[in-house]
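Each remark here refers to the structure printed beneath this line.
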Amino acid sequence: INTIISLNQSILVGTVKGVYKTTDNGITWTNASSGLPVVPASQDPYEISSMAVSGNEIYVTPLNGGVYSSSDFGATWTKFGWGTKNCQIFACDTNLFVCTDSYGLYLTKDNGLNWVYLGLQSEHAIQAGCAGSALYAIPADYSSLLVSKDNGITWNPPNNDLSPYLSTVFVNNSVIYTGGISVNYGIDMPTGIVQRSANNGIQWNTIPLYSLSDVVGSVVAFAAFGNS
């Protein structure tokens with residue numbers, strides 16, 4: 001599983017073989033990949049790298065397949081745009097961000113009619129979100145969080161002690177969450193962490209994640225479902 005989103009009473013996950021959906025809190029799962037591109041040799045759906053929700057529309061990014069959208073909770077999918085580019089998509093309210101390999105970060109506020117370039121071409125942004133007037137992004141080298149307060153003209157790291165190995169950023173009810181790993185792979189014993197800020201990134205609380213038997217790997221995705 002690479003990504004997870006929720007909409008109404010449905011939870012959808014993006015996997016290495018397309019999209020799966022549950023409407024009973026995970027008791028049963030069904031394949032929800034109709035209309036998504038498939039691998040020619042196996043006819044399996046391509047890997048899904050990201051998913052986003054804006055209003056009642058769901059967006060997914062198949063590997064090297066641009067962006068697809070669904071207005072029927074994943075029953076069917078249609079091409080949204082971005083050709084065959086390898087990209088990821090994220091939503092913040094009615095704003096959609098597309099992060100593309102080698103092309104940087106783009107924003108649309110009108111469901112794809114117009115796109116605004118937000119920079120980061122050399123950074124290959126992989127995650128993005130917004131809280132208030134601030135934009136947040138994580139570059140593809142996982143070198144911590146970048147923040148822009150001038151609509152993407154300039155990007156800088158926040159002035160705090162965030163983990164240098166982040167893989168995801170998520171904004172919910174104006175609270176910013178980052179997920180990643182506490183140390184680099186191969187150095188010491190890594191464990192997954194969540195870092196949380198309720199004041200626009202001024203202060204962060206770090207929450208290490210442990211299981212009963214072992215440390216937890218890197219946090220790669222967040223989702224909000226009801227009060228959870």
Side-chain angles (χ1 to χ4, degrees), residues 1-6 11 13-14 49-54 61 87-93 95-99 104-105 107 118-120 122-152 154-228:
I1 294 175
N2 295 325
T3 181
I4 179 171
I5 58 99
S6 65
I11 300 174
V13 295
S49 61
S50 66
M51 308 175 75
V53 175
S54 181
T61 55
C87 54
Q88 298 198 43
I89 190 165
F90 307 94
C92 184
D93 299 322
N95 300 321
L96 288 176
F97 298 89
V98 166
C99 310
L105 179 64
L107 165 68
L118 299 179
L120 298 182
S122 62
E123 303 289 345
H124 298 185
I126 60 164
Q127 296 269 330
C130 63
S133 60
L135 304 175
Y136 296 89
I138 295 176
D141 62 1
Y142 307 104
S143 60
S144 195
L145 188 67
L146 298 175
V147 59
S148 175
K149 296 184 178 180
D150 52 15
N151 294 314
T154 58
W155 292 87
N156 298 287
N159 296 320
N160 49 56
D161 190 25
L162 275 172
S163 168
Y165 307 109
L166 298 179
S167 55
T168 184
V169 57
F170 176 71
V171 180
N172 184 50
N173 294 329
S174 298
V175 178
I176 310 164
Y177 301 86
T178 65
I181 201 161
S182 61
V183 297
N184 200 2
Y185 285 104
I187 304 175
D188 201 2
M189 182 63 73
T191 183
I193 58 169
V194 171
Q195 292 170 293
R196 176 184 184 276
S197 175
N199 55 8
N200 293 319
I202 297 173
Q203 296 172 309
W204 294 83
N205 296 321
T206 299
I207 308 167
L209 302 180
Y210 299 92
S211 68
L212 293 177
S213 59
D214 202 356
V215 293
V216 178
S218 180
V219 177
V220 297
F222 290 97
F225 187 67
N227 293 321
S228 300

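Along the sequence shown, the residues carry numbers beginning at 1.
- Contact detail for Ser6 and Val53: the closest heavy-atom pair is O-CG2, 3.9 Å.
- In terms of heavy-atom proximity, Ile89 sits nearest to Ala52 at O-CB, 3.9 Å.
- Contact check for Pro157 versus Leu146: side-chain heavy atoms found under the 4.5 Å cut-off.
- Thr3 and Ser50 share no donor-acceptor pair across their side chains, judged by distance under 3.5 Å alone.
- A distance-only check finds a donor-acceptor pair linking the side chain of Ser49 to the backbone of Thr61 [under 3.5 Å].
- For Val147, the side-chain contact (heavy atoms from CB on, under 4.5 Å) partners are Ala134, Tyr136, Lys149, Pro158, not counting sequence neighbours.
- In this structure, Ser54 contributes its side chain and Asn95 its backbone to no donor-acceptor pair below 3.5 Å.
- To the nearest 0.5 angstrom, Leu166 atom CG is 6.0 Å from Gln195 atom CD.
- Scanning for side-chain contact (heavy atoms from CB on, under 4.5 Å) contacts around Asn205 gives an empty result, with sequence neighbours left out.
- We find the CG-OG1 distance between Asn2 and Thr168 to be 11.5 Å, quoted to the nearest 0.5 Å.
- A distance of 7.5 Å separates CZ in Phe170 from OH in Tyr177, rounded to the nearest 0.5 Å.
- Checked against side-chain contact (heavy atoms from CB on, under 4.5 Å), Ile4 has the following partners two or more places apart in sequence or in another chain: Ile11, Val13, Ala221, Ala223.
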Side chain to side chain contact (heavy atoms under 4.5 Å, CB included) between Trp204 and Ile176: does it pass, once the steps are laid out?
CA-CA 9 Å; Trp204 294 83; Ile176 310 164; 3.6 Å; yes
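- Considering all non-hydrogen atoms of both residues, Trp155 and Leu118 come closest at NE1-O, 2.8 Å.
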